[in-house]
Trainee: 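To start, I am sharing the structure in question, which I have written as structure tokens.
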Amino acid sequence: MAKQKTAIEPTRAEDYPEWYQAVIKAADMAENSDVRGCMVIKPWGYGIWENMQKALDAKFKATGHENAYFPLFIPLSFLEKEAEHVDGFAKECAVVTHHRLEPNESGGLKPAGQLEEPLVVRPTSETIIGAAFSRWVQSHRDLPILINQWCNVVRWELRTRMFLRTAEFLWQEGHTVHATSEEAWIETRRMLDVYADFAENHMAMPVIKGEKTSGERFPGAVSTLTIEAMMQDRKALQSGTSHFLGQNFAKAQDIKFQSETEEVRYAWTTSWGLSTRMVGALIMTHGDDDGLVLPPRLAPKQIVIMPIFKTDDEKSRVLSYCETLQRELADQNYHGQPLEVVVDRRDMRGGEKKWFHIKRGVPIRLEIGPRDINENKVFFARRDTGESGSLDRNEFVKSVITILDNIQQTLYDRALKLRQENSREINSLEEFIEFFTPKNLQRPEIHGGFALCPFVDSPEVTEICKQHKVTIRCIPFNQEKYPGNCIFTGQKTVDRAIFAKAY
RNA sequence: CGGGGCGUGGCGCAGUCUGGCUAGCGCGUCUGGUUUGGGACCAGAAGGUCGAAGGUUCGAAUCCUUUCGCCCCGACCA
């Protein structure tokens, strides 16, 4: 086979969505399943998710949360209780109406035993968890309740993309109950900070924290906070949301408590979630034209060692050298975890093996043959920069953690640079349209980015944006407030929001 | 749910308009050999009731009818 220029065809610049699919395939992360809109997550993809879970779960525990598990099925009547919530999710619910199968006329099976009340497969669990909370909360002494659940949810999407939007996806959903509005607000903010910390320090993905506009808010929430990241095609990806639910759900579900002053009060609730969509975010933030590039802190394996030998004599010598090296590396503490090091002993061509690991994004590759052993060296290659060369074996072992941290940082810096280069303030509708219109309408090139624009939060603005296929991502926190005119309506305002095309 | 496209060995496709030898090709897989610090080469092999059902015909992957599924573009959305 002729040598290709890049491992992935097409390249990002040629066709970004196709490239995305190709990376998932080349890195063996997931595949389409026999069920429409649902995917099979394969070990390499699932390993990344497991590392995300591990990191997040530790942060949830550190902030006082406990894990619990609630049913997959929600009685239809529960969902009906919060009006906005119903509106938001009704169109995408899978519904169980029968509980039995029996033979049909043509030798197949047909549903039988119709349920008295249909069960909805959870699209999110506010209602079923709220019902439990209403039993659990009696006194102010029961508060706060800080619960997290790792589970799957189903949203019957019309169009799906692997990891980014599938009919079934894996996530965590936190649900908390508080005595006061202030406490609930602090929780909402705290968990957004946890998400941002996770995104930036584990995923090496810079994010912008902010508040959603009314049109983009979670159905039933008083306020939705979000972290937004820029992918390499300059589109935005909502990466985690934290909702201040006020007393909306407490009132709908009767979550009340008796206060110190013996008054009966409705509680204040929050919810927050982050999903396997983050695996997609990882691909689109760091991947390159040779495949996946993993930040070391989330890589299922940080280092792969490839033994190189010809004769049986060499084989045993090289393998034992590799195994000793593997042990020494695996003994090291990498951010509280042992380093994950694998010796790839598979009997296949060296070149093929090398590309196998490049496509899967393993951060560090070591190739070790008799020559390296004689000189007490290792041949070393970094996935992020492609940099490679011979290193003294002991020096490498000593500096490996520093190198991994450097890779992590390099990935973050690169992603931040991309975002900065493609973000700007825009103060006129004309410039806005120019920014978001590709030069080639037939085959749109990568264009646009994040535009910070003065605006007023109104349905009218949302409507204009829609015409240009742009969405309001968020009103960023900590931004300077100064007078301007809404670029859509001309009204005076001090608010600015980030606008972008989005996934 | 509207518009377009596609179902042919594990994967990617050709063949369909204009019905006709034993349904081809590339990649992958298996076996043997030669190679070996690099996505190798040679030889051989396995693997398909052409999405499904019915019809027309001496003869159907190809024509007709029905049906199922998937993909893309919209609308909707984490």
Side-chain angles (χ1 to χ4, degrees), chain A residues 1-9 15 17-18 21-22 25-26 31-38 87-93 106 108 123-124 152-173 195 212 215-219 221 224 226-229 236-243 271-281 290-291 306-311 314-315 318 344 347-359 365-373 377-379 381 388-390 442-444 466-467 469 471 473 502-503:
Chain A
M1 192 169 147
K3 193 174 177 177
Q4 301 173 359
K5 275 201 287 289
T6 59
I8 303 297
E9 304 263 359
D15 188 338
E18 275 297 321
Q21 303 286 347
K25 200 171 172 186
E31 62 188 27
N32 276 316
S33 73
D34 298 316
V35 183
R36 190 205 134 80
C38 297
D87 280 357
F89 287 107
K91 296 182 296 288
E92 49 190 49
C93 285
S106 48
T124 177
N152 58 342
V153 289
V154 169
R155 297 183 188 175
W156 212 260
E157 300 291 348
L158 298 173
R159 239 182 106 197
T160 59
R161 304 187 66 182
M162 277 202 265
F163 289 113
L164 297 176
R165 177 167 289 109
T166 44
E168 178 191 16
F169 58 93
L170 306 181
W171 77 344
Q172 61 66 217
E173 47 179 328
Y195 286 160
K212 285 287 186 191
E216 300 274 334
R217 206 176 277 151
F218 176 74
T224 289
T226 178
I227 51 172
E228 298 284 329
L237 186 76
Q238 177 175 308
S239 303
T241 46
S242 184
H243 315 291
S271 68
W272 26 277
L274 185 145
S275 75
T276 37
R277 169 178 257 202
M278 285 303 92
V279 178
D290 286 327
M306 297 171 42
I308 292 159
F309 50 78
K310 289 178 205 166
T311 62
E314 281 176 355
K315 180 176 175 179
V318 169
D344 189 345
D347 176 26
M348 61 199 278
R349 298 214 108 238
E352 206 181 328
K353 198 186 270 191
K354 166 180 143 183
W355 283 101
F356 176 88
H357 294 290
I358 290 175
K359 286 185 281 197
R365 206 173 66 246
L366 297 178
E367 301 173 6
I368 292 172
R371 238 157 43 209
D372 306 289
I373 299 178
K377 287 191 164 170
V378 294
F379 183 86
S388 68
S390 258
Q442 263 20 74
R443 269 191 87 250
K466 211 164 154 183
Q467 289 165 19
K469 296 181 183 177
T471 56
R473 301 320 302 160
Y503 279 98

Trainee: Write out the stems for RNA chain B, ordered by first number and formatted as range with range, counting runs of at least 3 consecutive Watson-Crick or G-U wobble pairs under 3.5 Å.
Mentor: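 Paired runs of 3+ in RNA chain B: B:1-7 with B:68-74, B:10-13 with B:24-27, B:29-34 with B:40-45, B:51-55 with B:63-67.
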
Trainee: In whole Å, what separates the P atom of A45(B) from that of G26(B)?
Mentor: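 Each nucleotide's P atom is 14 Å from the other's.
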
Trainee: Need to verify one output field. Residue with the more 5' nearest nucleotide on RNA chain B, Gly37(A) or Arg217(A)?
Mentor: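 Whichever sits nearer the 5' end wins; that is Gly37(A).
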
Trainee: Can you give me the closest heavy-atom contact between Thr226(A) and Arg473(A), atom names plus distance?
Mentor: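 Closest approach of Thr226(A) to Arg473(A), heavy atoms only: CG2-O, 4.0 Å.
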
Trainee: What integer number of Å spans the C1' atoms of A61(B) and A46(B)?
Mentor: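 Roughly 23 Å separates the two C1' atoms.
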
Trainee: Considering only A78(B), C77(B), G37(B), which nucleotide approaches the side chain of Ser275(A) most closely?
Mentor: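 Among the listed nucleotides, the one closest to the side chain of Ser275(A) is A78(B).
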
Trainee: How is Phe169(A) classified with respect to the nucleic acid when contacts are heavy atoms under 4.0 Å: base, sugar-phosphate, or nothing?
Mentor: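 Contact class for Phe169(A): base.
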
Trainee: Given the structure, check if the side chain of Arg349(A) and the base of A40(B) hold any donor-acceptor pair shorter than 3.5 Å.
Mentor: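 Such a pair is found, so the answer is yes.
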
Trainee: Have a look at Arg36(A) and say if it touches a base, only the backbone sugar-phosphate, or nothing, with a 4.0 Å heavy-atom cut-off.
Mentor: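 Sugar-phosphate contact only.
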
Trainee: Do you know which two heavy atoms are closest between Ile8(A) and Ala22(A), and how far apart they sit?
Mentor: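 Distance-wise, the nearest heavy atoms are CG2-CB, 3.7 Å.
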
Trainee: Asn32(A) near the nucleic acid: base, sugar-phosphate alone, or nothing, with a heavy-atom cut-off under 4.0 Å?
Mentor: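 Counting heavy atoms under 4.0 Å across all strands, no contact is made by Asn32(A).
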
Trainee: Kindly write out the residues that satisfy side-chain hydrogen bond (donor to acceptor under 3.5 Å, both in side chains) with Arg365(A), not counting sequence neighbours, or none if the list is empty.
Mentor: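 Partners of Arg365(A) by the side-chain hydrogen bond (donor to acceptor under 3.5 Å, both in side chains) criterion, ordered by chain and then number, come out as Glu367(A).
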
Trainee: Nearest whole Å is fine: how far is G10(B) P from Glu31(A) CD?
Mentor: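 These atoms are roughly 14 Å apart.
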
Trainee: Looking at every non-hydrogen atom in both residues, tell me the closest pair between Ser271(A) and Phe218(A) and how far apart they are.
Mentor: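 Where Ser271(A) meets Phe218(A) most closely, the heavy atoms are OG-CE2, 4.5 Å.
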
Trainee: Could you tell me how far apart Ile8(A) (CD1) and G39(B) (P) are, to the nearest whole angstrom?
Mentor: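 That distance rounds to 18 Å.
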
Trainee: Which nucleotide in the set G37(B), C77(B), A78(B) lies at the smallest distance from any side-chain heavy atom of Pro370(A)?
Mentor: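 Of the options given, the side chain of Pro370(A) lies nearest G37(B).
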
Trainee: Separation of Asp290(A) atom CG from G39(B) atom C1', in whole Å?
Mentor: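 After rounding, the gap between these two atoms is 11 Å.
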
Trainee: When Thr224(A) is tested against each of Arg217(A), His243(A), Lys212(A) for side chain to side chain donor-acceptor pair (under 3.5 Å), which residue passes?
Mentor: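 Going through the options one by one, the only one that passes is His243(A).
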
Trainee: Give Phe379(A) one of three labels, base, sugar-phosphate or nothing, depending on what nucleic acid heavy atoms sit under 4.0 Å from its own.
Mentor: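 Contact class for Phe379(A): base.
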
Trainee: Return the 5'-most residue of the pair Ile373(A), Lys25(A) with respect to RNA chain B, ranking by each residue's nearest nucleotide.
Mentor: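 Counting from the 5' end, the first nearest nucleotide belongs to Lys25(A).
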
Trainee: What is the distance, rounded to the nearest whole Å, between atom CE of Met162(A) and atom P of C70(B)?
Mentor: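 From Met162(A) CE to C70(B) P: 15 Å.
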
Trainee: Would you classify Thr166(A) as touching base, sugar-phosphate or nothing, given that sugar-phosphate means primed atoms plus P, OP1 and OP2, and contacts are heavy atoms under 4.0 Å?
Mentor: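 Base, at least one base heavy atom under 4.0 Å.
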
Trainee: In whole angstrom, give me the gap between the P atoms of C11(B) and A52(B).
Mentor: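 About 15 Å, rounded to a whole number of Å.
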
Trainee: State which of C71(B), C76(B), G37(B) makes the closest approach to the side chain of Glu157(A).
Mentor: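 Among the listed nucleotides, the one closest to the side chain of Glu157(A) is C76(B).
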
Trainee: What's the NZ-P distance between Lys466(A) and A75(B), to the nearest Å?
Mentor: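 One finds 8 Å between P of A75(B) and NZ of Lys466(A), rounded.
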
Trainee: So, do Leu237(A) and Leu164(A) sit near enough that their side-chain heavy atoms are less than 4.5 Å apart?
Mentor: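 Yes - at least one pair of side-chain heavy atoms lies under 4.5 Å apart.
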
Trainee: Can you tell me, in whole Å, how much space there is between the P of U16(B) and that of C63(B)?
Mentor: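 Per the computed distance, 9 Å lies between those P atoms.
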
Trainee: What integer distance in Å separates Lys91(A):NZ from C77(B):P?
Mentor: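 Going from NZ in Lys91(A) over to P in C77(B) covers 6 Å.
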
Trainee: Considering only the P atoms, how many Å lie between G2(B) and U67(B), rounded to the nearest integer?
Mentor: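 It comes out at 14 Å once rounded to the nearest Å.
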
Trainee: Output the rounded distance in Å from NZ (Lys353(A)) to P (U36(B)).
Mentor: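 Rounded to whole Å, this separation is 17 Å.
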
Trainee: Name the pairs: protein N/O against N/O of nucleotides 29-31 of chain B, kept only if under 3.5 Å.
Mentor:
none

Trainee: Among G74(B), U36(B), C76(B), which nucleotide has an atom closest to any side-chain atom of Lys469(A)?
Mentor: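 Of all the options, the side chain of Lys469(A) is nearest to G74(B).
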
Trainee: Look at all strands and tell whether Leu274(A) reaches a base, only sugar-phosphate, or nothing, counting heavy atoms closer than 4.0 Å.
Mentor: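 The answer is nothing, as Leu274(A) stays clear of every strand by at least 4.0 Å.
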
Trainee: Under 3.5 Å, side chain of Asp344(A) to main-chain N/O of Met306(A), donor-acceptor pair present?
Mentor: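 Checking the backbone N and O of Met306(A) against the side chain of Asp344(A), no donor-acceptor pair under 3.5 Å is found.
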
Trainee: Which pair of heavy atoms, one from Glu157(A) and one from Thr166(A), lies closest together, and at what distance?
Mentor: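 Heavy atoms of Glu157(A) and Thr166(A) come nearest at CG-O, 4.5 Å.
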
Trainee: Donor-acceptor check, side chain of Arg165(A) to backbone of Thr160(A), threshold 3.5 angstrom: yes or no?
Mentor: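 Not a single qualifying donor-acceptor pair exists.
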
Trainee: Take atom C1' in C50(B) and the same atom in U8(B), then report the distance between them in whole Å.
Mentor: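 To the nearest whole Å, 4 Å.
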
Trainee: How far apart are the closest heavy atoms of Tyr195(A) and Thr241(A), and which atoms are they?
Mentor: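 So the two residues come closest at CE1-O, 3.5 Å.
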
Trainee: Sticking with atom P, work out how far G3(B) lies from G10(B), rounded to a whole angstrom.
Mentor: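 Rounded to whole Å, the distance is 34 Å.
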
Trainee: Where the side chain of Arg277(A) meets the backbone of Gln238(A), is there a donor-acceptor pair that is under 3.5 Å apart?
Mentor: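 At least one qualifying donor-acceptor pair exists.
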
Trainee: Among G39(B), C76(B), G37(B), which nucleotide has an atom closest to any side-chain atom of Lys310(A)?
Mentor: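 Within the option list, the nearest is G37(B).
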
Trainee: Round to a whole Å and report the spacing from NE2 of His357(A) to C1' of G39(B).
Mentor: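 In whole Å, G39(B) C1' lies 13 Å from His357(A) NE2.
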
Trainee: With C1' as the reference atom in both, quote the distance from G9(B) to G24(B) in angstrom, rounded to an integer.
Mentor: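 Their C1' atoms lie roughly 12 Å apart.
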
Trainee: With the side chain of Arg277(A) defined as its heavy atoms from C-beta on, choose the nearest nucleotide among C77(B), A78(B), G37(B).
Mentor: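 Minimum distance to the Arg277(A) side chain belongs to A78(B).
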
Trainee: What are the two closest heavy atoms between Val318(A) and Ile368(A), and how far apart are they?
Mentor: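 Minimum heavy-atom separation between Val318(A) and Ile368(A): CG1-O, 3.4 Å.
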
